[in-house]
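Here is the structure we will look at, set down as structure tokens.
First the proteins, then the strands, lettered A, B, ... as listed; each starts at 1.
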Amino acid sequence: MLIKRPDDIPPSEITPRKLFEQRREFIKAAGGLALAAGLPSLAWAREAFPGLQKSAYSTLEPPNSFRDITTYNNFVEFGFGGKSQPAERAGAMKTRPWTVSIEGLVHKPRTFAIEDVLKVAPLEERIYRLRCVEGWSLVVPWVGFPLAALLRQVEPLGSAKFVEFVTHMDPATMPGLRQPFLDWPYSEGLRLDEALHPLTLMAVGLYGEELPNQNGAPLRLVVPWKYGFKSGKSIVKIRLTDRQPQTTWNLAQPEEYGFYANVNPDVSHPRWSQEKERRIGEFFKRKTLPFNGYAEQVAQLYAGMDLRKFY
Amino acid sequence: MQPTSPQLTALKAALFAACLWPLAQLGWLAWTDGLGANPIEFITRHLGTWTLSFLLITLAVTPLRHLSGWHWLIRLRRMLGLYAFFYAALHFLTYLWLDQFFDLASIVKDIAKRPFITAGFTAFLLLIPLAATSNAAMVKRLGGRRWTQLHRSVYAIAIIGVVHYWWLVKKDITLPLLYAVLLGALLGFRALRLARERQRQLSTYL
């Protein structure tokens, strides 16, 4: 197993070996004491998701630092004015209590409390590449579970063909909503087979901790083979439909943002090429891979489709 | 208000230093790890918006001169214009070097196929002859009338520059709009004066 750490730790912050070995001894001793006292072990006290499972779907590429992942965001409800705005402004968003209703073409429509969503399936760490339509990319160690597990709970009807994701809309804490550039609430959508694909993730955390608000707390979609805007943040409603749902960026600029939005180096954005991307933290641009490097897993979903037409 | 010659020299020196502020800012942020997760994008945007700002500041000299009667302001204009070119050149160099790393094939494709890059590149090319003819010897060589005609192209350059910014942004056009409105006011002032001048000439003929 590869043990990774964020790359922005200055050498001065790294604990000398001797000291951390002493700490381990201390924690062991403390854990022993706690056990003896019938208390939960101190060693787990700060970990949000104990017992996370590793996933075979994780990339071996080194993740970006926690700082990069949580300060360089597009979350337009918190402003269009720069990548640092979500981190500066999202703190005010209330993520508890939180419910997600799943409705539409399902046998058992249901409104889940976030606490129950967390129990739907064992939580995994999934280290995924994230490619933004703007030409940059990150590697993110998400915590989550397959969306399919959540959808199974409500038993989709045979007539369901698409899934629509509606996200949180609170004008009091989201200044971006005051701007008329997009139709709010921010909505996204997938074909049902895309939604049920094992790579499609409901993320609730990153770096082993609960999602920071700017990354879409408490619950967001992650579809790693599509451009980032497809992965809606802070989801409140999931609706199964028989018709392709209207999606926010597609409504705003259909010639620039398609419904499918699969990462594709051969289909340019009208204003820039998608052949290359800048991985945050790297100097040289790297080549963008078809389906963001997940072609082996997902390309068959689009067999026979003209991906230039269905961009 | 008319500054004396030494006062003007001091003013020019102060202005020269002040105009280096955007560059110093970049240096400071780089030193303190403040350029964010995508430093190349930050540097490009910073230099780009300052290029537009310096173009507008340069274009503000004439209206300001007429409105205030401080005709000596004209003596600061060349420096401001050259700073606009300086930041444009750094902006272009950032794209060439840091963003594309001199990948000529990709750059040529960008310029040909991406309207916002086509616009930005055009504006930069058009600025070069203006910077090259900015000294007194060139004014003399070209002759005042031809020099003035050539340098009027800065109006078109500024418009293309704002269009370049407008086409770049995703959805929030607040800042490009602000530059467009300011530029509109600066060019509108000139148009209005020209129209009034024509009117006056016409009435003297009659």
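- When heavy atoms are compared at a cutoff of 4.5 Å, B/D33 approaches chain A by way of both its backbone and its side chain.
- Panel note: side chain A/R271, backbone B/F116; no donor-acceptor pair is recorded below 3.5 Å.
- For A/N74, the part lying under 4.5 angstrom from a heavy atom of chain B is the side chain only.
- Heavy atoms of other residues, nucleotides or ligands lying less than 6.0 angstrom from CD of A/Q246 number 12 at most.
- Note on A/K276 versus B/D103: salt bridge recorded, some NZ/NE/NH1/NH2 to OD/OE distance being below 4.0 Å.
- Ion pair B/K109/A/E275 flagged as a salt bridge, since at least one NZ, NE, NH1 or NH2 atom sits closer than 4.0 Å to an Asp/Glu carboxylate oxygen.
- Within the 4.5 angstrom heavy-atom criterion, no atom of A/P180 approaches chain B.
- Within 6.0 Å of the CH2 atom in B/W70, the count of heavy atoms belonging to other residues, nucleotides or ligands does not exceed 12.
- Within 6.0 Å of atom CZ in B/R190, more than 12 heavy atoms from other residues, nucleotides or ligands are found, so the atom counts as buried in its surroundings.
- Closest approach of A/P270 to B/P115, counting heavy atoms only: O-CD, 4.2 Å.
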May I have the step-by-step check of side chain to side chain contact (heavy atoms under 4.5 Å, CB included) for A/S268 and B/R114, ending in yes or no?
CA-CA 10 Å; A/S268 296; B/R114 314 287 160 220; 3.3 Å; yes

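- Contact annotation for A/S273: both backbone and side-chain heavy atoms come within less than 4.5 Å of a heavy atom of chain B.
- B/Q2 CD: more than 12 foreign heavy atoms inside a 6.0 Å radius.
- For A/F283 against B/W97, the heavy-atom pair with the smallest separation is CZ-O, 4.4 Å.
- Taking 4.5 Å as the limit, every side-chain heavy atom of B/N38 sits out of range of all side-chain heavy atoms of A/E134.
- Neither the backbone nor the side chain of A/E256 has a heavy atom closer than 4.5 Å to any heavy atom of chain B.
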Given side chain to side chain contact (heavy atoms under 4.5 Å, CB included), test B/T174 with A/F181 step by step and report yes or no.
CA-CA 11 Å; B/T174 314; A/F181 308 121; 4.2 Å; yes

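- Atom-to-atom distance recorded for B/D99:CG and A/R278:CZ is 5.0 Å, nearest 0.5 angstrom.
- For B/A37 against A/I280, the heavy-atom pair with the smallest separation is O-CG2, 3.1 Å.
- Going from atom CH2 of A/W272 over to atom CG of B/L168 covers 7.5 Å, rounded to the nearest 0.5 Å.
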